[in-house]
Number of protein chains: 2
Amino acid sequence: MKPALSELEKEVVDIFVRIAGVLSLPRSVGELYGILFISPEPMCIDDLMLKLKISKGSTSQGLKILRSFGAVNPVYVAGDRRDFYAAEAELRKIVAGFVNEQVRPHLDNGKARMARIEGLIDAEETGRKEFIAERIERLQGWQKRAGALLPFALNFIKPE
Amino acid sequence: MKPALSELEKEVVDIFVRIAGVLSLPRSVGELYGILFISPEPMCIDDLMLKLKISKGSTSQGLKILRSFGAVNPVYVAGDRRDFYAAEAELRKIVAGFVNEQVRPHLDNGKARMARIEGLIDAEETGRKEFIAERIERLQGWQKRAGALLPFALNFIKPE
DNA sequence: CGCCTTGTTCATTATATTTTGAACAATCTG
DNA sequence: CAGATTGTTCAAAATATAATGAACAAGGCG
């Protein structure tokens with residue numbers, strides 16, 4: 001295990017750093033998943049912080065996040081007391097985990113808010129009221145459609 | 001036009017502030033779209049900064065971003081030299097604009113990077129090589145599928 | 001039990017992002 | 001054209017987010 005990242009490793013890590021950005025996850029989370037994804041052997045915290053030159057704290061927190069939606073799996077290594085991890089490579093599993101952990105809560109919250117808003121329409125002055133009711137209705141339509149797209153998109157990912 | 005946000009306005013603005021967050025857009029962009037979305041009349045910069053209590057700079061920049069992907073349309077108001085805007089309310093248009101402006105460039109970039117990576121595989125030591133080739137192949141599969149999902153998702157949004 | 005090894009937590013520090021506001025440019029108006 | 005009015009830009013300030021590392025907790029092991 002070389003102490004520095006190879007050209008290929010850098011490229012792969014960079015891909016996942018960008019993905020992390022899109023998903024509003026810390027850069028270090030992308031780095032961790034990236035290096036595990038391209039590593040044939042499972043790695044422990046020491047390996048990871050050495051390879052990526054990040055602190056132990058970041059490594060620990062990053063792995064916690066990755067574990068939270070199943071992007072990383074613990075691997076038992078005989079004769080070593082440390083925790084080793086390997087990247088989960090089945091996209092479906094990762095996406096499902098991510099959606100459940102990080103997306104659903106927001107969607108649920110959104111529904112609650114929409115209910116609250118409905119009650120506020122009546123208080124509007126007439127004239128505005130008609131327009132506003134139309135807009136809220138439209139917003140609900142968007143929300144419903146987003147909710148419908150989600151399971152479909154999940155299904156779009158074939159098992160391998 | 002009241003100087004402060006009503007309860008309903010606050011709720012609606014808050015929804016779009018959250019959406020802006022998910023899309024990695026500044027909070028002020030969400031505020032601007034939100035207040036325009038729920039406003040029966042088109043608004044100018046002065047209206048917006050007064051209503052939202054944000055600076056002229058933020059307002060100008062925020063509107064620029066919203067214009068860039070067609071989330072907001074200029075509206076001519078007779079006898080007023082200022083620029084007025086109304087929210088584009090057709091979801092399909094906004095999403096299409098956003099994808100073209102903010103998503104496509106990244107996808108294209110991704111393809112280029114993947115090509116570069118392919119060339120790096122051969123340099124790997126045997127043993128690692130087999131595993132790494134499998135991973136890169138998998139990554140390409142993901143990329144291809146994401147590219148396929150996009151047009152489908154766009155089509156999922158019915159015109160109204 | 002006393003000493004390692006390992007992983008986690010969290011206050012502090014560092015970094016990245018957003019907002020502000022004043023200077024500027026552009027355009028209208030009399 | 002001179003003076004307003006309006007919108008944009010961008011350096012500096014404010015804010016939000018992530019990384020660091022030392023203190024701590026939890027287990028193992030002799």
Side-chain angles (χ1 to χ4, degrees), chain A residues 5 13-14 16-36 42-69 71-86 102 106, chain B residues 1 5 13-14 16-36 42-68 71-86 102 106:
Chain A
L5 269 62
V13 165
D14 199 65
F16 288 104
V17 165
R18 283 163 196 268
I19 293 176
V22 170
L23 302 177
S24 296
L25 295 171
R27 166 188 192 82
S28 62
V29 167
E31 295 178 306
L32 288 166
Y33 184 83
I35 203 65
L36 285 172
M43 297 175 85
C44 66
I45 288 195
D46 287 333
D47 296 337
L48 290 165
M49 45 184 297
L50 208 78
K51 200 70 171 158
L52 296 169
K53 300 210 192 84
I54 61 181
S55 71
K56 195 153 73 135
S58 282
T59 309
S60 176
Q61 286 186 168
L63 286 171
K64 185 180 185 176
I65 293 173
L66 288 169
R67 280 194 308 263
S68 82
F69 54 88
V72 117
N73 294 312
V75 172
Y76 172 71
V77 170
D80 203 317
R81 197 136 74 67
R82 295 171 296 179
D83 301 343
F84 283 76
Y85 294 94
Q102 322 263 328
H106 291 276
Chain B
M1 178 112 26
L5 270 62
V13 164
D14 198 64
F16 287 105
V17 165
R18 282 162 196 267
I19 293 176
V22 170
L23 301 178
S24 296
L25 294 171
R27 166 187 193 82
S28 62
V29 167
E31 295 177 307
L32 289 166
Y33 184 82
I35 203 66
L36 286 172
M43 299 174 85
C44 66
I45 288 195
D46 287 333
D47 297 336
L48 289 164
M49 47 185 294
L50 208 78
K51 199 78 169 149
L52 296 170
K53 299 210 192 83
I54 61 182
S55 70
K56 194 151 73 133
S58 281
T59 309
S60 175
Q61 287 185 164
L63 287 170
K64 185 180 184 177
I65 292 173
L66 287 168
R67 280 195 310 263
S68 80
V72 117
N73 294 312
V75 173
Y76 172 73
V77 170
D80 202 318
R81 194 137 74 65
R82 294 171 297 178
D83 303 343
F84 284 76
Y85 295 94
Q102 322 261 330
H106 291 276

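Proteins get letters first, then strands, A, B, ... in listed order; numbering begins at 1 in each.
- Between B/Asn73 and B/Tyr85 there is no side-chain heavy-atom pair separated by less than 4.5 Å.
- The distance from atom CE of B/Met49 to atom P of C/dA22 is 11 Å, rounded to the nearest whole Å.
- The side chain of A/Ser60 places no N or O atom within less than 4.0 Å of a non-bridging phosphate oxygen (OP1 or OP2) of C/dG7.
- We find the CD1-CZ distance between B/Ile19 and B/Phe16 to be 5.0 Å, quoted to the nearest 0.5 Å.
- Each of A/Arg81, A/Arg82, A/Lys51 was evaluated against A/Asp46; a single residue qualifies, A/Arg82, per the salt bridge (Lys or Arg N to Asp or Glu O under 4.0 Å) test.
- Counting to the nearest Å, the C1' atom of D/dT20 and the NZ atom of A/Lys53 are 16 Å from each other.
- To the nearest angstrom, C1' of C/dT9 lies 14 Å from CD1 of A/Ile65.
- The side chain of A/Ser58 sits closest to D/dT20 out of D/dA4, D/dC29, D/dT20.
- For the pair B/Ser24 and B/Gln102, the minimum side-chain heavy-atom distance is 4.5 Å or more.
- Among the nucleotides D/dT20, C/dG7, C/dG21, the one closest to any side-chain atom of B/Ser55 is C/dG21.
- Residue whose closest nucleotide on DNA chain D sits further toward the 5' end, between A/Leu25 and A/Gly57: A/Leu25.
- Side-chain N/O atoms of B/Ser28 include one lying less than 4.0 angstrom from OP1 or OP2 on C/dT19.
- Distances shown here put a side-chain N or O of A/Arg67 below 4.0 Å from the OP1 or OP2 atom of C/dT8.
- Across all strands, B/Asp46 comes closer than 4.0 Å to no nucleic acid atom at all (heavy-atom distances).
- Following rounding to the nearest Å, B/Leu50 (CG) and D/dT6 (P) show an atom-to-atom distance of 14 Å.
- Residue A/Leu63 is classed as having no contact, given no heavy-atom separation below 4.0 Å to the nucleic acid.
- Taking side-chain N and O atoms only, A/Lys64 has a distance below 4.0 Å to OP1 or OP2 of C/dT9.
- A straight line from NZ of B/Lys56 to P of D/dT5 spans 12 Å, rounded to a whole angstrom.
- The shortest distance between side-chain heavy atoms of A/Phe69 and A/Leu25 falls below 4.5 Å.
- What separates CG of A/Asp80 from P of D/dG27 is a distance of 18 Å, to the nearest Å.
- Relative to the side chain of A/Ile45, the nucleotides D/dA19, C/dC4, C/dG7 differ in distance, and C/dG7 lies closest.
- For A/Ile54 and C/dG7, the CD1 to P distance is 14 Å, given to the nearest whole Å.
- Between the CG atom of B/Leu48 and the P atom of D/dG7 there is a distance of 10 Å, rounded to whole Å.
- Among the protein residues, A/Arg82 comes within range of the sugar-phosphate backbone only, with heavy atoms under 4.0 Å from sugar or phosphate atoms but none that close to a base.
- Ranking C/dT6, D/dT9, C/dC10 by closeness to the B/Gln61 side chain, first place goes to D/dT9.
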